[in-house]
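To start, the structure under review is shown below, and the notes come after it.
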Amino acid sequence: AQSVTQLDSQVPVFEEAPVELRCNYSSSVSVYLFWYVQYPNQGLQLLLKYLSGSTLVKGINGFEAEFNKSQTSFHLRKPSVHISDTAEYFCAVSRNTGGFKTIFGAGTRLFVKA
Amino acid sequence: EAGVVQSPRYKIIEKKQPVAFWCNPISGHNTLYWYLQNLGQGPELLIRYENEEAVDDSQLPKDRFSAERLKGVDSTLKIQPAELGDSAVYLCASSLNRGGTYNEQFFGPGTRLTVL
């Protein structure tokens, strides 16, 4: 079975500062990894995904994440955040075979302050 | 292209009452998912359909929850009777499953259920 741990429930940061949202996963098989963003009263939107290949993945809105297999991590980073990045961010994992059932972390609330 | 549509967006009911949620997936998407999202948590899969067949309903509490996707397009999720602990957001998602490869899930805005 797979599991996901998001290490920070809330991350406050000032506008234009860099941010890292941490995610660790556990799995006995090869996985796909994802980051989703959820704005208030909206559904989830895919930010980026790692399926295979380069371990540095670039996504929308200037976000990127790095897959580290030895540390079983998939941390999300942005070099300079905007007020509009304030949202809930979810890390997720799925097996790379058979139905691709997705397991989500509990979420990290990113709060960007002016 | 229209996204995943869910209705109602908000629902308030008293405990022991029935409630139903409706989802219309993106046109052409053969896979439909219902997720439960409790406050402060990530979504948890309730049921997954491939066309009209429920291929994973292991997390659906079958004593009070039921779902259907009769024509392989839109879907209804029902709770009867509702309990206080059912208060949550119910998310629907869809994807185009080509078999053997990853396909992005697209999420609707959710239905926020409050049980009083």
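These numbers were taken from a predicted model, which means no experiment stands behind them. We name chains A, B, ... by the order of the sequence lines, and we start the count at 1 in each one.
The local environment of NZ in B:Lys62 is crowded, with over 12 non-hydrogen atoms from other residues, nucleotides or ligands closer than 6.0 Å. The environment of CG in B:Leu116 is crowded: more than 12 heavy-atom neighbours from other residues, nucleotides or ligands sit within 6.0 Å. Within 6.0 Å of the CZ atom in B:Arg112, the count of heavy atoms belonging to other residues, nucleotides or ligands does not exceed 12. Around the NZ atom of A:Lys113, the shell of radius 6.0 Å holds more than 12 heavy atoms that belong to other residues, nucleotides or ligands.
In this structure, chain B has heavy atoms under 4.5 Å from both the backbone and the side chain of A:Leu44. Contacts of B:Tyr35 with chain A are made by side-chain atoms alone, with heavy-atom separations under 4.5 Å and no backbone atom involved. Of the two parts of B:Glu104, only the side chain, counted from C-beta on, holds a non-hydrogen atom closer than 4.5 Å to a non-hydrogen atom of chain A. Neither the backbone nor the side chain of A:Tyr39 comes within less than 4.5 Å of any heavy atom of chain B. Neither the backbone nor the side chain of B:Thr111 has a heavy atom closer than 4.5 Å to any heavy atom of chain A.
Minimum heavy-atom separation, B:Arg9 to A:Asn41: NH2-O, 2.8 Å.
Within the model, atoms CD of B:Gln105 and OH of A:Tyr36 stand 5.0 Å from one another, a figure rounded to the nearest 0.5 Å. Between the CG atom of B:Leu45 and the NZ atom of A:Lys101 there is a distance of 5.5 Å, given to the nearest 0.5 Å.
A:Ile103 and B:Val89 fall into different hydrophobic clusters, where Ile, Leu, Val, Met, Phe, Trp and Tyr are joined by side-chain heavy atoms under 4.5 Å apart, directly or via other members. By the rule that hydrophobic residues join a cluster once side-chain heavy atoms approach within less than 4.5 Å of another member, A:Leu76 and A:Val57 end up as members of one cluster. The hydrophobic cluster containing A:Leu47 also contains A:Val93, counting ILVMFWY residues as joined when their side-chain heavy atoms lie under 4.5 angstrom apart, directly or transitively.
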Determine, stepwise, if the pair A:Gln38 / B:Gln37 fulfils side chain to side chain contact (heavy atoms under 4.5 Å, CB included). CA-CA 12 Å; A:Gln38 186 176 34; B:Gln37 186 177 20; 3.0 Å; yes

Start with the C-alpha distance between A:Thr102 and B:Tyr33, add both sets of side-chain angles, then the distance that settles side chain to side chain contact (heavy atoms under 4.5 Å, CB included), and finish with yes or no. CA-CA 11 Å; A:Thr102 306; B:Tyr33 313 76; over 6 Å; no

